[in-house]
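One structure is given here, and the rest of the page talks about it.
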Protein chains: 2
Amino acid sequence: MSKSELTVIDQTADACCSPMVREPLDETAAVDLARMFKALGDPVRLRLLSLIASFEGGEACVCDLTGPFDVSQPTISHHLKVLREAGLVDSERRGTWVYYWVLPPALAKLSSLLQAPAEAPSPLGDAR
Amino acid sequence: MSKSELTVIDQTADACCSPMVREPLDETAAVDLARMFKALGDPVRLRLLSLIASFEGGEACVCDLTGPFDVSQPTISHHLKVLREAGLVDSERRGTWVYYWVLPPALAKLSSLLQAPAEAPSPLGDAR
DNA sequence: CGTCTATGTTGACATCCGTCGATCCAGGAG
DNA sequence: CTCCTGGATCGACGGATGTCAACATAGACG
């Protein structure tokens, strides 16, 4: 589950050179990537991810995450599960509490994929 | 809405906009961003976006987009509408055909938002 | 052991989403 | 004008999704 010794993960390996604006995604890649983007496609999950990442130490206990939201605790638990199954975060039980942290390579992969083209010459000179 | 008309986006600067891993997203921003990510959370839409962007000239006619997919033409039209309403692409009728092109600032916005933290401070760095 | 707290799981329910066939609208060609 | 073609819209249907209350599970602690 949780890799106990993630040292320095090479984010550039699978993340650097494949902006989707350069060449068309093949179907299998699209399915895989869409799963990650879909996990980000919910306001609660987006805030959860942001909240976890911005916690000091880069990790947060679930007890710190249920407060800021209007939804119930099981719902938070559900969203955390979605984020984890999407490969965006990982978690570990440590005594009484369960801690979550973001997996930077996953974010980096999506980020580089969305790298915009140099500039698309708008066909109308951007006046539309 | 989006007032950014930047032509050249500095993709190298990770301090550019506001990575969500630095500070928690507020709710309204999360709702707005989630709408865009949700639009990317479908394999067909992801491939559509990629296909449009990688077309020569940065734009593509709908007639070029219906072929590579197994879904019907109304479905493609539906997905294009979702992408357009999410602010990721724009379109224009030009004579008989309708052309779509990607809006780079939108992609850049999401990309910079996902900029990963410097590096994961291993949560298991020390036994506790 | 028993109990309390912190999380995850289950089942149910309402809503949303992707998909299709049928239809409608806008332009170009006769 | 009429016909044809590219594309959008409509209405419907099945499956996925977000949410909750209720219950289950795992440690901590007495």
Side-chain angles (χ1 to χ4, degrees), chain A residues 1-2 25 27 30-49 51-52 55 59-86 88-101 123 128, chain B residues 27 30-49 51-52 55 59-86 88-101 123 127-128:
Chain A
M1 186 186 302
S2 59
L25 263 46
E27 186 167 354
V31 169
D32 188 42
L33 291 166
R35 195 175 302 126
M36 297 195 215
F37 281 121
K38 187 183 294 184
L40 296 176
D42 181 276
V44 174
R45 284 197 292 268
L46 214 46
R47 289 175 62 202
L48 270 176
L49 191 70
L51 194 53
I52 293 171
F55 248 75
E59 61 177 11
C61 166
V62 176
C63 57
D64 295 322
L65 301 174
T66 49
F69 297 91
D70 290 337
V71 297
S72 66
Q73 173 269 322
T75 299
I76 294 293
S77 191
H78 162 70
H79 285 308
L80 288 172
K81 184 179 182 180
V82 173
L83 287 173
R84 185 157 38 82
E85 290 179 340
L88 297 172
V89 305
D90 201 355
S91 66
E92 179 203 28
R93 174 166 217 124
R94 216 175 295 154
T96 303
W97 298 279
V98 176
Y99 290 86
Y100 281 78
W101 59 90
R128 160 91 175 122
Chain B
E27 186 167 353
V31 170
D32 189 42
L33 291 166
R35 196 176 303 127
M36 297 196 214
F37 282 121
K38 188 182 294 184
L40 297 176
D42 181 275
V44 175
R45 283 196 293 267
L46 214 45
R47 288 176 62 202
L48 270 176
L49 192 69
L51 194 54
I52 293 171
F55 248 74
E59 61 178 12
C61 166
V62 176
C63 57
D64 294 324
L65 301 175
T66 48
F69 298 91
D70 291 336
V71 299
S72 65
Q73 175 267 321
T75 299
I76 294 293
S77 191
H78 163 69
H79 284 308
L80 288 172
K81 183 179 182 181
V82 172
L83 287 173
R84 185 158 36 83
E85 290 180 339
L88 296 172
V89 306
D90 202 354
S91 66
E92 179 204 27
R93 174 167 216 121
R94 215 174 298 154
T96 304
W97 298 277
V98 175
Y99 291 87
Y100 281 77
W101 59 89
R128 44 176 300 179

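To find a chain, count down the sequence lines: A is the first, B the second, and so on, and within it residues start at 1.
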(message) I'd like to compare against my own output: the B/S/- annotation of nucleotides 25-30 of chain C with a strict under-4.0 Å heavy-atom distance to protein.
(response) ---S--
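Among the atoms of the strands shown, none is found under 4.0 Å from any heavy atom of Arg84(B). The residue Tyr100(B) sits close only to the backbone: its heavy atoms come under 4.0 Å of sugar-phosphate atoms, none of a base. Within 4.0 Å of His78(A), counting heavy atoms only, lies at least one base atom of the nucleic acid. Nucleic acid contact for Phe69(A): none, since no nucleic acid atom lies under 4.0 Å from a heavy atom of the residue.
You'll find that the side chain of Thr75(A) is closest to dC20(D), out of dG7(D), dT9(C), dC20(D). Taking only side-chain atoms of Val44(A), from C-beta outward, the nucleotide of dT9(C), dT19(D), dT7(C) with the closest atom is dT19(D). In this structure, the nucleotide among dT17(D), dT9(C), dA22(C) sitting nearest to the side chain of Pro74(B) is dA22(C).
For the pair Ser72(A) and Lys38(A), nearest-nucleotide mapping onto DNA chain D gives the more 5' position to Lys38(A).
The side-chain contact (heavy atoms from CB on, under 4.5 Å) test with Pro43(B) is passed by exactly one of Leu33(A), Asp32(A), Val31(A): Val31(A).
In this entry the distance linking CG of Asp64(A) with P of dT7(C) reads 8 Å, nearest Å. Atom NE2 in His79(B) sits about 15 Å away from atom P in dT9(D), given to the nearest Å.
No donor-acceptor contact under 3.5 Å links the side chain of Gln73(B) to the base of dG6(D).
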